[in-house]
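Each remark here refers to the structure printed beneath this line.
Counting starts at 1 for both ligands and their atoms, in listed order.
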Amino acid sequence: MSKVWFITGAGSGIGAATARAALKAGDRVVATGRNLDKVRNALRDVAGTSLAFVQLDVANEDQARTAVAAAMRAFGRIDVAVNNAGYSLLGNFEELSTTDIERQISTNFHGVMYVMRAVLPVMRKQKSGRIINVSSVAGAVGLKHCGAYGAAKFAVEGLSLAVAHEVEPFGIKIVVVEPGFFRTDLLDAQNVKYGRSTIEDYAAEGSSEDMWSGYHGKQQGDPGKLGDVLVKIAWMDNPPKQFLAGSDALAVVKPILEGRLEELRAYEGLSKTTDGFF
Ligand SMILES: NC(=O)c1ccc[n+]([C@@H]2O[C@H](COP(=O)([O-])OP(=O)(O)OC[C@H]3O[C@@H](n4cnc5c(N)ncnc54)[C@H](OP(=O)(O)O)[C@@H]3O)[C@@H](O)[C@H]2O)c1
């Protein structure tokens, strides 16, 4: 049976590619975005009865509820919800403003939370569903300049891993996807936000903009291929809980996780000294 997808931030990059991959697989898609004209334009060539467009700024909880209701009116069910919408705030933590950090958390974490809250009652009633939450390598390990971005993505991972236990009895599985670098609009100057270089001590290291902007357009990952993999994952009975996408992601995360295990073993004795007497 074909599936119904609900995708946030479907107007570009991984979201648009996932919408295309799902349609190609014969599924139906509710493509959402805060700028609906942009989403319509991005998917114009695949428009048809299997594709519905719905307004959704993920930072707005009311819109999340309304968008899920609109998706239900369009196709009657939601089998796969992809929390993909997001942007990057990059810079040394001390040089980021609190307001900018709060905005980052609001879109990249609260947005996921709002959509999950809206979609879970639907999936519980159906007794089935998949939620695919797009995190990042920065949500798996600590990366320089990713204090705010990484905090939001780690929060997505924590929420996903915990809620997965609660909803598994209802046939719902949650997958966190941790992409490496993919050629999308994420690092486009119009979308990414950089902290301002205001503290002399950090100047010798160069600015975050100098470091990250050079990757734009040169990322090795193909969002189309990631879309195809997400379709595969959506069909799995036992999908991975945390999925690293791309060989660059593997190269960064694997040694750090192995190092964590080594550290855990090295301090095992000390950990046990804190045991109680009961
Ligand atoms: N590309 C990578 O290398 C990479 C690596 C790791 C993780 N990721 C994650 O992958 C996801 C998709 O990003 P992408 O790489 O495909 O970048 P992208 O091409 O810039 O796509 C991001 C999408 O999110 C949308 N969005 C941003 N804020 C939104 C909001 N408040 N409400 C609704 N939509 C919003 C954007 O829409 P607007 O046009 O309206 O801004 C855009 O369509 C993000 O969560 C990102 O953190 C990407």
**Report entry** Protein residue, atom and distance nearest to atom 25 (C) of ligand 1, heavy-atom basis
**Finding:** G9 CA, 3.9 Å
Query raised in the report: Any idea which of V192, N84, V134 brings a heavy atom closest to atom 45 (O) of ligand 1?
Result: N84
**Report entry** Pair E94-Y202, side-chain donor/acceptor within less than 3.5 Å
**Finding:** yes
**Report entry** D45/R20 salt bridge by N-O under 4.0 Å criterion
**Finding:** yes
Query raised in the report: Can you tell me which residue and heavy atom of the protein come closest to atom 22 (C) of ligand 1, and the distance to 0.1 Å?
Result: G86 O, 3.5 Å
Query raised in the report: Considering only heavy atoms, does V58 approach ligand 1 within less than 4.0 Å through its side chain, its backbone, both, or neither?
Result: both
Query raised in the report: Can you tell if the side chain of M116 reaches within under 4.5 Å of the side chain of N133, non-hydrogen atoms only?
Result: yes
Query raised in the report: According to a 4.5 Å side-chain heavy-atom criterion applied to Ile, Leu, Val, Met, Phe, Trp and Tyr, with indirect links allowed, do I174 and V122 form part of one hydrophobic cluster?
Result: yes
Query raised in the report: Among F181, Y149, Y215, which one has a heavy atom closest to atom 46 (C) of ligand 1?
Result: Y149
Query raised in the report: Would you say K38 and ligand 1 have an N/O pair spaced under 3.5 Å apart?
Result: yes
Query raised in the report: Between Q55 (side chain) and R34 (backbone), is there a donor-acceptor pair under 3.5 Å?
Result: yes
Requested in this report: Work out whether the distance between some heavy atom of G180 and some atom of ligand 1 is less than 4.0 Å.
Outcome: yes
Donor-acceptor pairs are to be reported for all side-chain atoms of residues 221-236 against protein atoms at under 3.5 Å, with residues two or more places apart or in another chain.
residue	atom	partner	partner atom	Å
D222	OD1	G224	N	2.8
D228	OD1	K24	NZ	3.0
D228	OD2	K24	NZ	3.4

Report summary line: of all protein heavy atoms, closest to atom 40 (O) of ligand 1 is R34 NE, 2.8 Å
Requested in this report: Return a yes/no value for G15: is any of its N or O atoms, backbone included, closer than 3.5 angstrom to an N or O of ligand 1?
Outcome: no
Query raised in the report: Would S2 and F75 count as a side chain to side chain contact (heavy atoms under 4.5 Å, CB included) if you check the C-alpha gap in whole Å, the side-chain angles of each, and the deciding distance to 0.1 Å?
Result: CA-CA 11 Å; S2 79; F75 293 134; over 6 Å; no
Query - Closest protein heavy atom (residue, atom, distance) for atom 2 (C) of ligand 1 - result: F182 N, 3.5 Å
Query raised in the report: Is T8 in contact with ligand 1, taking contact as a heavy-atom separation below 4.0 Å?
Result: no
Query raised in the report: Which protein non-hydrogen atom lies closest to atom 34 (N) of ligand 1, naming both residue and atom, and how far is it?
Result: A85 CB, 3.4 Å
**Report entry** CA sep, side-chain torsions, deciding dist, call: E157, E178, side chain to side chain contact (heavy atoms under 4.5 Å, CB included)
**Finding:** CA-CA 9 Å; E157 303 238 357; E178 298 160 337; 2.8 Å; yes
Requested in this report: Starting from atom 48 (C) of ligand 1, find the nearest protein heavy-atom neighbour and note its residue, name and distance.
Outcome: L186 CD2, 3.6 Å
**Report entry** W212/S88 under side chain to side chain contact (heavy atoms under 4.5 Å, CB included): CA gap, chis, key distance, verdict
**Finding:** CA-CA 11 Å; W212 293 91; S88 297; over 6 Å; no
**Report entry** Shared hydrophobic cluster for V167 and I78 (ILVMFWY, side-chain gaps under 4.5 Å)
**Finding:** yes
**Report entry** Numbered atoms of ligand 1 (with element) below 4.0 Å of P179, judged on heavy atoms
**Finding:** 5 (C), 6 (C), 7 (C)
Requested in this report: Treat each ILVMFWY residue as a node, draw an edge where side-chain heavy atoms are under 4.5 Å apart, and state whether V141 and L250 are in one component.
Outcome: yes
Query raised in the report: Hey, does the side chain of Y194 reach the backbone of G91 with a donor-acceptor pair shorter than 3.5 angstrom?
Result: no
Requested in this report: Apply the test side chain to side chain contact (heavy atoms under 4.5 Å, CB included) to residues V115 and L56: give CA-CA distance (whole Å), side-chain angles for both, the deciding distance (0.1 Å), then the verdict.
Outcome: CA-CA 10 Å; V115 171; L56 174 55; 4.1 Å; yes
Query raised in the report: Can you find a protein heavy atom closer to atom 36 (C) of ligand 1 than 4.0 Å?
Result: no
**Report entry** Proximal atoms of ligand 1 relative to L56 (non-hydrogen, under 4.0 Å)
**Finding:** 32 (N), 33 (C)
**Report entry** Hydrophobic cluster membership, I132 vs I14, 4.5 Å side-chain cutoff
**Finding:** yes
Report task. Decide whether an N or O pair under 3.5 Å exists between I14 and ligand 1. Result -> yes
Report summary line: Closest to atom 42 (C) of ligand 1 among protein heavy atoms sits S12 OG, 3.3 Å
Report task. Return the option from N133, D57, T184 holding the heavy atom at the smallest distance from atom 30 (C) of ligand 1. Result -> D57
**Report entry** Residue portion contacting ligand 1 (non-hydrogen atoms closer than 4.0 Å) for V137
**Finding:** neither
Requested in this report: Determine, using heavy atoms of K153 and all atoms of ligand 1, whether some pair is separated by less than 4.0 Å.
Outcome: yes
Query raised in the report: Purely on distance, is any nitrogen or oxygen of A10 under 3.5 Å from one on ligand 1?
Result: no
Query raised in the report: With a 4.0 Å cut-off on heavy atoms, does Q219 reach ligand 1?
Result: no
Query raised in the report: What are the atoms of ligand 1, with element, lying closer than 4.0 Å to any heavy atom of G13?
Result: 16 (O), 19 (O)
Query raised in the report: Do you see a donor-acceptor pair shorter than 3.5 Å between the side chains of S247 and Q220?
Result: yes
Query raised in the report: Is it the side chain, the backbone, both or neither of S135 that has a heavy atom closer than 4.0 Å to ligand 1?
Result: backbone
